[in-house]
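Below: the structure, in structure tokens.
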2 protein chains.
Amino acid sequence: MAYRMNDSEVEQCDFIHVHEDIVNQVQSVMPDEDQLLDLAEFFRVFGDSTRIKILYVLSQAEMCVCDIATLLQMGQSAISHQLRVLKQMRLVTYRRDGKTVFYSLADGHIQTILAQGMEHIEE
Amino acid sequence: MAYRMNDSEVEQCDFIHVHEDIVNQVQSVMPDEDQLLDLAEFFRVFGDSTRIKILYVLSQAEMCVCDIATLLQMGQSAISHQLRVLKQMRLVTYRRDGKTVFYSLADGHIQTILAQGMEHIEE
DNA sequence: AAAACATATGAACAACTATTCATATGTTTA
DNA sequence: TAAACATATGAATAGTTGTTCATATGTTTT
């Protein structure tokens, strides 16, 4: 998200009392800006209830668009739009069989992340 | 997000050709609606680049608000607002030491999830 | 007690997102 | 090849979100 600063300078904190040693040390191990943006974009996909539900049902079985729509009690179009997002971010894959398209989870990380999330909220 | 349906019925798919066996089987193991909403809400927190950066720097060291603002080259207020979100969702904790407040990651799941995400995007 | 410092918070706004509706594309069947 | 089926997609829009600005709260120092 791009928000404008009304000045070319960023304001941060008006002092020189930062903990310099820590800041410098962490500064040196920071990943690329791009990598962190990708990471946020990746997690953003998990951050919507419709998409989480889709991921969950696909973690149980391969499924077509209308199966998912039925399970989630939502319209076919809404599901299809979200599947596109999931596809683009490589969280799901699909195979075509005649008229119907079967979706499934892309790889093991997705399952692991879902499971870790579940554990966290159940605490 | 709540969007209105112009009818009381949900439209799903206009047919009876769903794969009933799969749908019924998955239906029976679906977690509560609430649990899936919580899960999405939890992941939503990871889905913003500012928050991901905060989580990343905190994975390296305990830090005060201004350290973070300096590292991320952002305003104090923006960081503070995001820390509140992270606090509310129990992704970070804090301790006060005089005027300054030191933040750190709440538990191990956060590290694991970050690491899994990194692995995924590096593929 | 006043000034300075560190952080938190409310309001406002621009940017973004998820759904719906209508329709297009692709596949099979009659 | 026309009709029916399954999925995909574009436009529109209501709801949501992240940042800024101004200011409040809490702590220390003088």
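Keep in mind that the numbers below use all heavy atoms, side chains included, and drop hydrogens, waters and symmetry copies. Chain identifiers are assigned alphabetically (A, B, ...) following the order of the sequence lines, protein sequences preceding nucleic acid strands; residue numbering begins at 1 within each chain.
Contact annotation: side chain of B:Gln76 to base of C:dA8, donor-acceptor pair present below 3.5 Å. Put simply, the side chain of B:Ser77 and the base of C:dT9 share a donor and an acceptor less than 3.5 Å apart.
One atom, CZ of A:Arg96, and another, P of D:dA8, lie 7 Å apart when rounded to the nearest Å. Atom NZ in A:Lys99 sits roughly 7 Å away from atom P in D:dC5 (whole-Å rounding).
Residue pairs satisfying the side chain to side chain donor-acceptor pair (under 3.5 Å) criterion with at least one member in residues 51-66 of chain B, sequence neighbours excluded, are listed as follows: A:Glu33-B:Lys53, B:Arg51-B:Gln82, B:Glu62-B:Arg95.
If you check D:dA6, C:dT7, D:dA8 against the side chain of B:Val101, the one that comes closest is C:dT7. Listed nucleotides D:dT28, C:dA8, D:dG18 differ in distance to B:Asp48; the shortest reach to its side chain belongs to D:dG18.
Looking at heavy-atom distances under 4.0 Å, A:Tyr103 makes contact with sugar-phosphate atoms alone, never a base.
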Can you give the dot-bracket line for DNA chain C, where a pair is Watson-Crick or G-U wobble with both atom distances under 3.5 Å, crossing pairs use [ ], and | marks a partner on another strand?
||||||||||||||||||||||||||||||

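Panel note: side chain A:Asp107, backbone A:His109; a donor-acceptor pair is recorded below 3.5 Å. Using a distance-only test at 3.5 Å, with no hydrogens or angles considered, no donor-acceptor pair links the side chain of A:Thr100 to the main chain of A:Arg96. Of the possible polar contacts, one joining the B:Asn24 side chain to the B:Glu20 backbone as a donor-acceptor pair under 3.5 Å is found.
In this structure, A:His81 does not pack face-to-face on the six-membered ring of C:dT19, missing the 5.5 Å centre cutoff or the 30° plane limit.
The aromatic ring centres of B:His19 and A:Phe102 sit less than 6.0 Å apart.
In this structure, A:Gly98 and A:Ala78 both approach DNA chain C, and ranking their closest nucleotides by distance from the 5' end singles out A:Ala78.
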